[in-house]
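Contents: one structure, followed by commentary.
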Amino acid sequence: MNDIRRGDAMLTDWRAAAQAFEAAVAGAVLGQERIIRLVTIAVFARGHVLLEGDVGVGKTTLLRAVARAMGGAYERVEGTVDMMPTDLVYHTYLAEDGRPRVEPGPVLRSSEDLAIFFFNEINRARPQVHALLLRLMAERSLQAFNREYRFPLLQVFADRNRVEREETFELPAAARDRFLMEIGMEAPRDPATRRALAFDPRFHDTDGLIAGIPTGLLDPARLGGIASAIQHGVRASEAIQAYVVALWEALVRPHEAGIRLPGIDDMAGLVQGGASPRGVAALVRAARVRAWLEERDWLVPEDIRAVFEPVMAHRVFLEPIHELHRSEIVPALCRAVFETVPAP
């Protein structure tokens with residue numbers, strides 16, 4: 001009984017830390033409360049995050065704020081068309097004595113203490129770089145200098161500019177599946193928030209905003225244990241389990257669930273694949289963290305709904321004829337799934 005009480009107290013303390021983390025990030029990133037909550041869920045679910053959105057909506061600012069508020073060893077790279085996989089691992093240069101030198105690159109610079117790896121403009125990097133990143137994300141390990149490096153604390157954050165198409169490379173399906181969430185970020189629509197972003201000089205100085213965030217609010221070395229405690233501590237009833245499976249089935253086979261979308265005649269040929277068991281397990285992980293943040297130790301349908309699209313949408317692969325309109329079709333499909341499957 002005492003162990004249970006100590007566990008409950010620990011989770012309560014960490015919930016307070018999570019709330020302080022959200023507040024700190026929100027102080028620098030105005031009007032993005034939903035996005036910040038989703039990122040917080042990903043942090044405590046120990047999953048990688050991909051942000052996408054238009055130019056200038058604050059993707060990089062958000063991820064910089066998250067890195068500072070979390071604390072721990074942090075590295076950042078900028079995606080470029082000429083980047084090679086080795087650029088992540090090491091770099092070479094001529095020393096003052098004229099001799100070549102080899103030093104660890106951004107992935108290895110902090111060695112196995114690396115907690116946050118931020119890949120800016122990830123779609124500007126070539127597929128060879130994506131392939132190396134995939135192993136890093138999937139296995140949290142890397143082979144270099146005749147040894148294997150392991151990164152038990154690692155969480156990858158990346159952003160993608162969805163506007164520009166020249167000299168960009170779309171991430172392969174396998175790499176996208178390794179992201180717990182793909183989160184679309186838009187400019188705030190609230191008029192007061194828009195005025196503040198446009199006229200308040202505080203929001204014109206990104207470096208100053210980031211510097212003002214308290215650092216080390218979360219201990220990366222302890223996040224894994226807390227994440228495990230959350231997953232074991234939040235219950236899923238038989239009804240919720242059946243509900244999640246029904247949502248999964250409807251997402252993969254919408255025609256069998258009776259779903260119809262405007263402009264699509266052949267619903268049976270809409271979904272090519274995806275939404276694997278790994279994806280559904282990620283959905284449950286994220287939903288449990290959401291319940292914990294809402295001060296519950298049991299899942300409700302709203303927990304599933306709150307994280308469904310960020311976790312599942314990028315794991316649905318459409319037939320090629322429909323991929324061009326993916327940004328309209330997949331969100332509509334997700335909404336139709338919830339309208340079709342009855343909640344317990």
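If you're wondering where the values come from, they're calculated on a predicted model, not measured in any experiment. Both backbone and side-chain heavy atoms feed into the values below; hydrogens, waters and symmetry mates do not.
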Review point. Between R101 and E103, is there a side-chain N and carboxylate O pair less than 4.0 Å apart?
Key: no
Check your understanding: Can I116 be reached from I226 by stepping across I, L, V, M, F, W or Y side chains whose heavy atoms are under 4.5 Å apart?
Key -> yes
Point to revise | With E319 via side chain to side chain donor-acceptor pair (under 3.5 Å) - residues at least two apart | key: none
Practice item. Start with the C-alpha distance between F118 and V66, add both sets of side-chain angles, then the distance that settles side chain to side chain contact (heavy atoms under 4.5 Å, CB included), and finish with yes or no. Key: CA-CA 10 Å; F118 174 23; V66 166; over 6 Å; no
Review point. Considering residues at least two apart in sequence or located in another chain, which fulfil the ring pair (Phe, Tyr, Trp, His ring centres under 6.0 Å) criterion with F21?
Key: none
Study note, to complete from the structure: Joining Ile, Leu, Val, Met, Phe, Trp and Tyr whenever any side-chain heavy atoms lie under 4.5 Å apart, the cluster holding M84 also takes in none
Check your understanding: What's the verdict on ring pair (Phe, Tyr, Trp, His ring centres under 6.0 Å) for F308 and F338, showing C-alpha distance, side-chain angles and the deciding distance?
Key -> CA-CA 10 Å; F308 190 84; F338 278 96; 4.8 Å; yes
**Study point:** Under-4.0 Å salt bridge between D303 and R296
**Key:** yes
Point to revise | Residue pair Q155 / R46, side-chain donor-acceptor N/O under 3.5 Å | key: yes
Review point. Salt-bridged, R109 to E75, with N to O below 4.0 Å?
Key: yes
Revision key, fill the gap. Looking only at heavy atoms, the pair that brings A18 and L293 closest together is CB-CD2, 3.8 Å
**Study point:** V337 side chain reached by W248 side chain, heavy atoms, under 4.5 Å
**Key:** no
Check your understanding: Does the side chain of V234 reach to within under 4.5 Å of the side chain of W298, using non-hydrogen atoms?
Key -> no
Check your understanding: With a 3.5 Å cut-off and no angle check, do the side chains of N123 and T168 form a donor-acceptor pair?
Key -> no
Point to revise | Contacts of Y149 that satisfy ring pair (Phe, Tyr, Trp, His ring centres under 6.0 Å) - sequence neighbours left out | key: none
Practice item. Give the other cluster members for V245, using side-chain heavy-atom distances under 4.5 Å between Ile, Leu, Val, Met, Phe, Trp and Tyr residues; answer none if it is isolated. Key: none
Revision key, fill the gap. Residue set satisfying ring pair (Phe, Tyr, Trp, His ring centres under 6.0 Å) with H325, at least two apart, ordered chain then number -> none
